[in-house]
Amino acid sequence: MNLYAFAKSFGGQAAVTVPDLTLEAGTLYAVIGANGSGKSTFSRVIAGVLSPDGRRPVTEAGLRVGYLPQKSYGYRLSVLQNLLLASRDRDQAARLLEAVQLSHLAGKPAHRLSGGETARMALARLFMGQYDLVILDEPTASMDMESTMLTEQLTRQYVAETGCALLLVTHSLQQARRLADKALYFHKGQLLEQGPAKTVLYEPQHPETRQFLSFYGS
Amino acid sequence: MGSAVEQAVQLIASGDRELLNILSVTARMSLSSSLIALLLGVPLGLLLGACRFPGRGLLLVLNRTLMGVPPVVCGLIFYILFSGVGPLRHLHLLFTVEIMILAQVVLITPLLTSHMETYAAQIAGPVRETAKGLGLSRWKTFLLLLNESRYPIFSGYLLGFSRAIAEVGAVSMVGGAIAWKTNVMTTAIMQYTNRGNFSLGIALGLILLVLSLGMNLALSLLQRKVAS
Ligand SMILES: Nc1ncnc2c1ncn2[C@@H]1O[C@H](COP(=O)(O)OP(=O)(O)OP(=O)(O)O)[C@@H](O)[C@H]1O
Ligand SMILES: [Mg+2]
């Protein structure tokens, strides 16, 4: 699937500039970069939450995009009802609640969950749906180690089962290396480097990317 | 003061017919006008707070202006429109409860709209972003926003009801405070006081306070239940 080049600025200040991109189905892309490098803005424009400068569409018409915001939000409904928003499939909801270890909280009001619980609920809620392209903006930022592992497993499974393309925004190089087939590196609002995970996450071509990786002591 | 309380209790206990009529007209007017204002103000406020569309800024300014209109001025405009020389005289609404309700709706709806707009502007970001991410329709997103607003809807209704039951300028003007027909508690208090019947006025005032207290207590209990 194709994403068309776009730029997004806030009050005249460019936040992110992206060239034409081609994403492959069934592929997991890690999106990495420092704070403020434009990862969330990139995600939000593709998800249709923000319109890009010039307002031209960035995805092909009819493309189903699923998106998990960086701050997950629980609606004032029960956890189960939150999941049923995206699809009415109760069996699927039960399976996903089990997978994120929230079965025991199915009846609890979602706005009363803890931070990590909310993040897990939001992931399960998103995976209730069917999409061609899924964007997860730092899904594990507020999760403990065990939940992080569960989430990674579930994410991989979702890509394998549905054959969607998935963009995973992450701060964790380890996580990117564990999961990604390909990677995109953002630097100061520019998509500086993209390619196979083996290259971008281990032997990047660009000095800026190398420097970024060196922070992780690898 | 003591004798006024006594008199109030006596009036209620004796089931004074005129008092009961005043109470029922007051209830009819306040409940219907606050309910209609709620039905108009909630969706309008949510739209203004959560959506960006052409004309939104103008609507906000208009709403704020309407909020500042003194009740007597509102009453005056309605009086002129519906009086014997006004363009709407054929409707024969002057000095009826209906026109009192109408005037109240015009006074209260802007308050409710503004109340809901402020709240919606605060929560709309995450509510919409999350819904968009799930591919939910605009209608479903609106229903979610409505559901997130349960608490302010209750407090907004209370606000509207309190304004309606306490209002005197507009309702006396368009209603005429006609005994057995359009006399409400506030206008009756004015009448009694003008006639020098202070204790009856105080008695009515006390009933008004107790009613308002009861209504607020009942609704805040309900509100706590709904909000949890
Ligand atoms: N709504 C907004 N209004 C103004 N500026 C914004 C807005 N959203 C983002 N920005 C700016 O755009 C730039 C990119 O922000 P963005 O949130 O995309 O970064 P990020 O890579 O997701 O960072 P982080 O790792 O901290 O989540 C930042 O300089 C930020 O200040
Ligand atoms: Mg971000």
Side-chain angles (χ1 to χ4, degrees), chain A residues 40-41 43-51 55 59 62-78 81-88 93 96 107-112 118-119 121-137 139 164 166-167 169, chain B residues 38 42-43 45-57 115-158 219-228:
Chain A
S40 291
T41 307
S43 308
R44 297 174 81 208
V45 171
I46 298 173
V49 173
L50 292 175
S51 25
R55 301 181 150 266
T59 58
L63 190 81
R64 296 168 304 171
V65 182
Y67 159 64
L68 186 72
Q70 186 163 3
K71 283 201 189 94
S72 31
Y73 185 85
Y75 292 116
R76 285 174 175 265
L77 300 165
S78 74
Q81 285 171 320
N82 263 273
L83 262 69
L84 294 175
L85 283 171
S87 141
R88 308 268 2 143
L96 279 166
K108 185 167 174 151
H111 64 287
R112 298 255 188 268
T118 307
M121 181 278 298
L123 188 82
R125 184 176 57 191
L126 185 74
F127 285 168
M128 285 291 291
Q130 290 278 335
Y131 314 98
D132 306 308
L133 170 61
V134 170
I135 309 161
L136 307 178
D137 195 351
C164 68
L166 191 141
L167 293 164
V169 178
Chain B
L38 191 76
V42 167
L46 291 183
L47 280 179
L48 284 172
C51 302
R52 298 287 171 269
F53 51 90
R56 173 178 172 273
H115 176 75
M116 295 310 298
E117 186 258 327
T118 310
Y119 181 78
Q122 282 168 17
I123 63 157
V127 168
R128 288 177 58 205
E129 183 156 352
T130 303
K132 181 90 191 171
L134 294 168
L136 303 183
S137 67
R138 275 165 177 248
W139 174 241
K140 217 164 176 185
T141 308
F142 178 75
L143 291 182
L144 279 170
L145 194 65
L146 200 64
N147 181 56
E148 300 296 293
S149 314
R150 280 179 288 181
Y151 198 89
I153 287 175
F154 270 98
S155 56
Y157 183 72
L158 271 184
L219 267 174
S220 67
L221 282 180
L222 196 63
Q223 184 177 34
R224 209 176 293 170
K225 221 172 159 184
V226 169
S228 68

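Each chain gets a letter, A, B and so on, in the order the sequences are listed, and its residues count up from 1.
For chain B, the option among A:V65, A:L126, A:V134 with the highest count of heavy-atom pairs below 4.5 Å is A:L126. Counting heavy-atom pairs closer than 4.5 Å to chain B, the top-ranked of the candidates A:A47, A:A86, A:S87, A:P69 is A:P69.
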Evaluate the salt bridge (charged side-chain N to carboxylate O under 4.0 Å, His left out) criterion for residues B:E129 and A:R44: first the C-alpha distance (whole Å), next the side-chain angles of each, then the deciding distance (0.1 Å), finally the verdict. CA-CA 9 Å; B:E129 183 156 352; A:R44 297 174 81 208; 3.0 Å; yes
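Looking at A:R64, neither its backbone nor its side chain comes within 4.5 Å of chain B, counting heavy atoms on both sides. For chain B, no part of A:L68 is nearby; none of its heavy atoms comes within less than 4.5 Å. Of the atoms belonging to B:L136, it is side-chain heavy atoms, and not backbone ones, that fall under 4.5 Å from chain A. Heavy-atom distances place no part of A:I135 under 4.5 Å from chain B, backbone and side chain included.
Counting heavy-atom neighbours within 6.0 Å of B:R52 CZ, excluding the residue itself, gives a total above 12. Residue-environment remark: CZ (B:R56) exceeds the threshold of 12 foreign heavy atoms within 6.0 Å.
At least one donor-acceptor pair closer than 3.5 Å links the side chain of B:R150 to the backbone N or O of A:R76.
The distance from the OH atom of A:Y75 to the CG atom of B:L134 is 6.0 Å, given to the nearest 0.5 Å.
Across all non-hydrogen atoms, the minimal contact from A:Y73 to B:P126 is CD1-CB, 3.6 Å.
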